[in-house]
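First up is the structure itself, then whatever we jot down about it.
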Amino acid sequence: MRLREIAHARSGDKGRDAMVSIIPWKREHYPLLARVLTPERIKAHCSALVRGEVVRYDAPALGAFNVLLKDALGGGVTRTLMLDIHGKALSCLLLDMTIELPEAP
Amino acid sequence: MTTRPVRIGTGAAYSEDRIDPGVDMAARGDLDYLVFECLAERTLALAQVRRLRQGPGFDPWLEERFRQIVPLALARGARIVSNMGAADPAGAADRAASVLREQGLTGVRIAALEGDDLLARLDALDLVVAETGLPVRALPGRIVSANAHIGADGLVQALGLGAQVVLGGRVSDPALYLACLRHGHGWAADDWPRIGAGIGVGHLLECGALVTGGFYADPPHKVVPGLAAAGFPLAEVAPDGTAVITKLEGTGGLVTPDIVLEQILHEVHDPAAYITPDGVADFSAARVEAAGRDRVRVSGVTARPWPPELKVSVGVHEGFIGEGEISYAGSGAVDRARLAGEVVRQRLEMRKAELEELRVDLIGLDAVHGPATPAWAPAPYEVRLRVAGRARTEAAAAMVGDEVESLYVWGPVGGGGARKVVRPVVAVYSSLVPRERVETRLTWTES
């Protein structure tokens, strides 16, 4: 299934980097996402767009992740030739990632 | 100082933000403070460019806001804090005073906070560009702005001296709100739990509608009622820093814990280390809980001492971007648009257009997510060719749009709705400056 079925997300930008918060609707899905949403998998999903490294910050008390996508804006908001200069639509790209939910016991 | 909650509302969250929700907030917010946060990375550099051309260096919408919103807030006893001073806080204060006088409001004390502008001191400061590690003076292109991101101190001082309106330049976004809370509750600058709480409130309110349901709707999963009539947010902040984020009764939109969570992390790197000039906030252990309809209580944000250096944004005039667009529809639209893009590419080569970078997109197919677009994406009925190029000269940049427009007669069949534009590039780089090298000062005027 797609990530968007169990989580919501918001994009932001700072300089040349983009960041996407990923928040599971239900707290019980947090450990699962912590396992499957590895920086490597995220990077593989958007490597054609994100030139730099992917860093995931975990905030378990908030029940949220913050994903930093380095050098994802074609040189930064102020000089990029990309149509989406702020990377506003990156959250929707990540929410379309396919993840496996373990079968209910 | 007060033991009741301080009520602080948002009047604008970017330079060209909507006016009518600000009017509503000023009229019905029962506010102690109304804050307008109007600067983004590029906004200040563009303001400096306007000033260099003898135009106003302050926010272009300042007059409109002082005509329509500010008098309502002042009449109800609220104070105004803003960075609408942009590249010229003193000029902003003068203009604000005259607009208020035109409304019949006299005797309003206005403070301008200056000192963030480092442009004239760049040689002496010898700054290094964070992105390249090279000296600022080695940046290609003409430097048009250099501003330190300053904290709340100068604003707190102005409020303490009786300012009803404070206009700064590159004050850090959350500091505008933190300053009101420090003044209203008498918080010390190193009372870290409260400073953290104040930065948190500022961070949540400074993007305005992003915390009242804007940029959230995704039907049918995420539904926001009355999106077109959404209101600006306000916070009720207790003396201990606990805040309720809410909006005015009768406005559209939504304030929920899920929305507040999205906004807490918005444009933050490490949630445990959000760096601001007033302290390094830690959002990682925040408690975010529902406290009634459209009311969310936030507590548990804290902070550590501020870093020894301030961020500096350096704006550089780096040439021009030229763009052209044209649409194709019907069977074969994608193939025709691709051919059209190839024609433009070849023409620009034939004309020896000196472009630093050229980009060809098919809007409707993969212009937004590019090569990361998933394979399962369906084929579109219509697409829009977009060609963009960056050049040192305006003439070279203009060739991009001209070549797209000429597809009307020289391109594949059926191209329609061509548009072209050329705009200057003001790139923004960042640097750091030791705090003690930035001194702020207040100047006063009265309406």
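Between A:Leu81 and B:Glu357, the shortest heavy-atom contact is CD1-O, 3.4 Å. The shortest heavy-atom contact between B:Ala372 and A:Cys46 is CB-CA, 4.2 Å.
Heavy atoms of other residues, nucleotides or ligands lying less than 6.0 angstrom from CZ of B:Arg419 number 12 at most. The number of heavy atoms from other shown groups lying within 6.0 Å of CD (B:Glu356) is above 12. Counted within 6.0 Å of CZ on B:Arg142, heavy atoms from surrounding residues, nucleotides or ligands total 12 or fewer; the atom is thus considered open.
Of the two parts of B:Glu318, only the side chain, counted from C-beta on, holds a non-hydrogen atom closer than 4.5 Å to a non-hydrogen atom of chain A. Using a 4.5 Å cut-off between heavy atoms, B:Val426 contacts chain A through its backbone alone, with no side-chain atom that close. Proximity to chain A is limited to the side chain of B:His266, based on heavy atoms less than 4.5 angstrom apart. The contact between B:Gln263 and chain A is made by backbone and side chain atoms together, counting heavy-atom distances below 4.5 Å. If you measure heavy-atom distances from B:Tyr429 to chain A, the contacts under 4.5 Å come from the side chain alone. Using a 4.5 Å cut-off between heavy atoms, B:Arg386 contacts chain A through its side chain alone, with no backbone atom that close. For B:Ile264, the part sitting under 4.5 Å from any heavy atom of chain A is the side chain, from C-beta outward, and nothing else.
No donor-acceptor distance shorter than 3.5 angstrom exists from the side chain of A:Asn66 to the backbone of B:Asp270, with no hydrogens or angles considered.
Atom NE2 of A:His86 and atom CD of B:Glu267 lie 8.5 Å apart (nearest 0.5 Å). The CG atom of B:Asp218 sits 6.5 Å away from the SG atom of A:Cys92 when rounded to the nearest 0.5 Å.
When the candidates B:Ala45, B:Ala427, B:Ala285, B:Gly300 are compared by the number of heavy-atom contacts under 4.5 Å with chain A, B:Ala427 comes out ahead.
Contacts classified as side chain to side chain donor-acceptor pair (under 3.5 Å) and involving residues 364-373 of chain B (residues at least two apart or in different chains) are not found.
Residues of residues 3-12 of chain A lying within less than 4.5 angstrom of chain B, judged on heavy atoms, are A:Arg4, A:His8, A:Ala9, A:Arg10, A:Ser11, A:Gly12 in numerical order.
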